[in-house]
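Reviewing the structure listed below.
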Amino acid sequence: MNTHDVSDAPQFTQLLLKQKQNLRDAQSRKGQQLKGRKSREEIILQFRFRLMMKQGRADCKFNLGTYLLLRSITPPDRMTAIMAIVEDENRDVLMLQLYYQEEENERAAEEVLEEGTVLIVKEPYLKLMSDGDHGIRIDHLSDVIYFPMYDERVPKCWQLRLAECNVTASAWKAKGNDYFNESKYHAAIGYYTKALDCSPTVEEAHTLRLNRSLAFLKTKQFDAALSDLESASTNLKPTEKALFRKTQALYNLQRYRECCEVLKILRMEYPSNIAAKRELTRAVNRLAEQEKGGYLFKQLYLEATKLRPPHLDHSTYVGPVSLRASGSRGRGLFTTEAVKAGDLLLCEKAFVHAFVDTRKADNQDVALLINAETNSITMGSQAELIRMIVQKLYLNPSLAAVITDLHHGSYKPVGVSNVDGTPVVDTFLIERIISLNCFGCPLSSRESHLHVVEDEMSQRMKEEQFHSCGIWPMASYINHCCYSNARRAFIGDMMVVRATRDLAPDTEITFWYQIPVANGYDKRQKKFQHWGFKCDCTMCQDDQTTKKSVLAKRQGLRADALKYFQSGKRTDVAKIEIILATMADTYTQPAFEVPHLSIWDLQLALTQMYMQQKQPVKVIDSALRVLASLGYVIDGGNLPRASGTPMVVKQWGLMMDRLIERWVLLSGAYRLVAPDLEAQAEEYARISYRICIGEDEAFDETYGKLSDLNARP
Ligand SMILES: C[S@@+](CC[C@H](N)C(=O)[O-])C[C@H]1O[C@@H](n2cnc3c(N)ncnc32)[C@H](O)[C@@H]1O
């Protein structure tokens, strides 16, 4: 949804075909033995040389067997994957590539695959690389088990520090502390764990769990930190540190109510703890957002402007909606009570959000993601999104279901969630989930709205495509409908979903996966192929049942109108009016039942012309026609009218960004000829703004900045 899909671009289609051929070739080699391999020395030398030159590319893979016991014999290199040369017990060597690892600033490659690391690779895939060499590719984090050097299972010939095998718990703990102090938290966790296995005293075990919990917090393993803190305090009174760490884990797992409760205890028991006071305020704010939708949207905007990546410290609010079955559409979100146009349905924090800073010229964060099974190629940060989700689920298994429950089409996930105490994260499942549920997003909808409004006619109907993207699990349950009743907006990594119409209880909420444009039924449906459905909304049905000759006539009239617009002659206005009236006659159903998609943007441009000609009465008539063509039913807005009659939107139609500006224009035009309607039109402008941008606290600032529209020449 709003991602940069380049599946149909000829230069990328070739890439997809090549990738598919590679996969077919790989499949045909499945189970074969390696032949004609280079010598051990040659492979090591080449890798060390590569390490210096920083080169290498990947292409295809096939299955080797059940598991391999390996030891790395070179320092690691980091490219897309972390790589090193590994040997088995027979001293055969190959390149090992670990994909979807933490970033260098989170965990150095040296810490993941230090020279001498011993590991087991489950179900290894042997990959033929583009340079003709072979490598072992690991896509699933849970396919690797690392053995610390002190582990008895490490083959004798590889054990370096046999003398350490009988060390006491306190000696292991001291080693853990050393690693912790060097910020090598994963190694520290390993040593604390070893110490806990060496029959520590109750006090020792308590300290070890406390120490390990901090290392877990540092490595974002919040589940494990919590579990340590809970078992550390079963017999003993929780210490100040333990309580504080518990609040950190709970906060990061977005368990704000529990977090507040622990913080209150902490405040009571240790009143001088200043950090706890600050944290309590923060957690209370998150709870108010989570339970009541109490957001200070201006604050959110400020944060989105300053933070890079724009990952805001705010929580998710699920409004009056619930997840239910939606017939052939699978599951969907439904209203649980009546809502008004503009009401908040969801304000969701991204589960993960991969940001591409469009102001940076190098575009280094943009990558191509090719899916040979779904025939799709996207450009953006989706590959990074896979890495982020895989990591987050691997580190915090309690969060797995939030993602794995999402729609994944025909993909059959593996049936186990845990092997040998390690969580199983199926990277290919995550990839499929991203492909069907990911949203492309701007830095903020306000920012992209300003572009839309400042663009001229040629840009108006362009689908917005973004390189930043994220997963918002709750919003992912919303199905598509061209004639939708909700819209999504973004403020940094927060998605705001509001109703675009008044909705009765138990109404299914829908929004656009792709903005509906007047380019015909087939072209519209093609965009949904990727998700495997056809839209059957009233507009799509109408397009399908309208005779081809009528559609062609409509297209012809549209082309004529566009020509007159381009000429920009004042005298052509009358001709455009006639064309628009003739186009309206090609529809058999009224716009309040089936919006007239071919007309609204032309009418919009006509309103602009009337505004430039300073004809307020015409502006009012034309702007109301724009709204009517999109399905709005408005009472009391047309002229002439009896003063004092209120203007009421009886039915809301399709919500397009540019309608905000039309309402602002209407407000300005009414000021001149029907002043009692000015405020009413402005109120509708605000509601429309709130829907499209997510909030209306910055409405005055935005429309002030756009200059006084009514004063434009
Ligand atoms: C992002 S998911 C939406 C939630 C999904 N219905 C579920 O059960 O989890 C997208 C999938 O929903 C279904 N879907 C969405 N809109 C639909 C529509 N208008 N008609 C039929 N199926 C639709 C398609 O299977 C699509 O691949």
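First listed ligand is number 1; within each ligand, the first listed atom is number 1. All heavy atoms count here, side chains included; hydrogens, waters and symmetry mates do not. Quick caveat, the model's predicted, so the values are computed rather than measured.
- Judged purely by distance below 3.5 Å, without hydrogens or angles, the side chains of Arg324 and Ser322 pair a donor atom with an acceptor atom.
- No side-chain N or O of His596 forms a donor-acceptor pair with one of Gln603 less than 3.5 Å apart.
- Which parts of ligand 1 touch Asn437 is read off a 4.0 Å heavy-atom cut-off, strictly below it: atoms 1 (C), 2 (S).
- The nearest heavy-atom contact from the protein to atom 26 (C) of ligand 1 is Trp531 O, 3.5 Å.
- Where the criterion is an N or O separation shorter than 3.5 Å, residue side chain and backbone included, Arg331 meets it with respect to ligand 1.
- Checked against the 6.0 Å centroid threshold, His140 and Phe428 count as a close aromatic pair.
- Residue Tyr477 places no N or O, backbone or side chain, under 3.5 Å from any N or O of ligand 1.
- Ring centroids of Tyr632 and Trp600 are separated by 6.0 Å or more, keeping the two rings apart.
- Applying the 4.0 Å criterion to heavy atoms of Gly330 picks out, from ligand 1, the atoms 8 (O).
- The protein non-hydrogen atom at the shortest distance from atom 15 (C) of ligand 1 is Asn479 OD1, 3.0 Å.
- With a 6.0 Å cutoff to the six-membered ring centre and a 45° limit on the axis angle, Arg498 does not count as a cation-pi contact of Phe511.
- The protein non-hydrogen atom at the shortest distance from atom 11 (C) of ligand 1 is His407 CD2, 3.4 Å.
- A cation-pi contact links Lys392 to Phe351, judged by a cut-off of 6.0 Å to the six-membered ring centre and 45° from its axis.
- The heavy atom nearest to atom 19 (N) of ligand 1, considering only His480, His408, Arg329, is found in His480.
- Side-chain contact of Thr510 with Asn479: a donor-acceptor pair under 3.5 Å is absent, judged by distance alone.
- The shortest heavy-atom distance from Gly332 to ligand 1 is not under 4.0 Å.
- The side-chain tip of Arg554 points at the ring of Tyr587 from less than 6.0 angstrom away and within 45° of straight on.
- The residue from Phe533, Tyr513, Phe528 that puts a heavy atom closest to atom 10 (C) of ligand 1 is Tyr513.
- For ligand 1, the atoms sitting less than 4.0 Å from at least one non-hydrogen atom of Leu436 are 1 (C), numbered in the order shown with element in parentheses.
- When the heavy atoms of Ser476, Gly409, Ser326, Cys438 are ranked by distance to atom 3 (C) of ligand 1, first place goes to Ser476.
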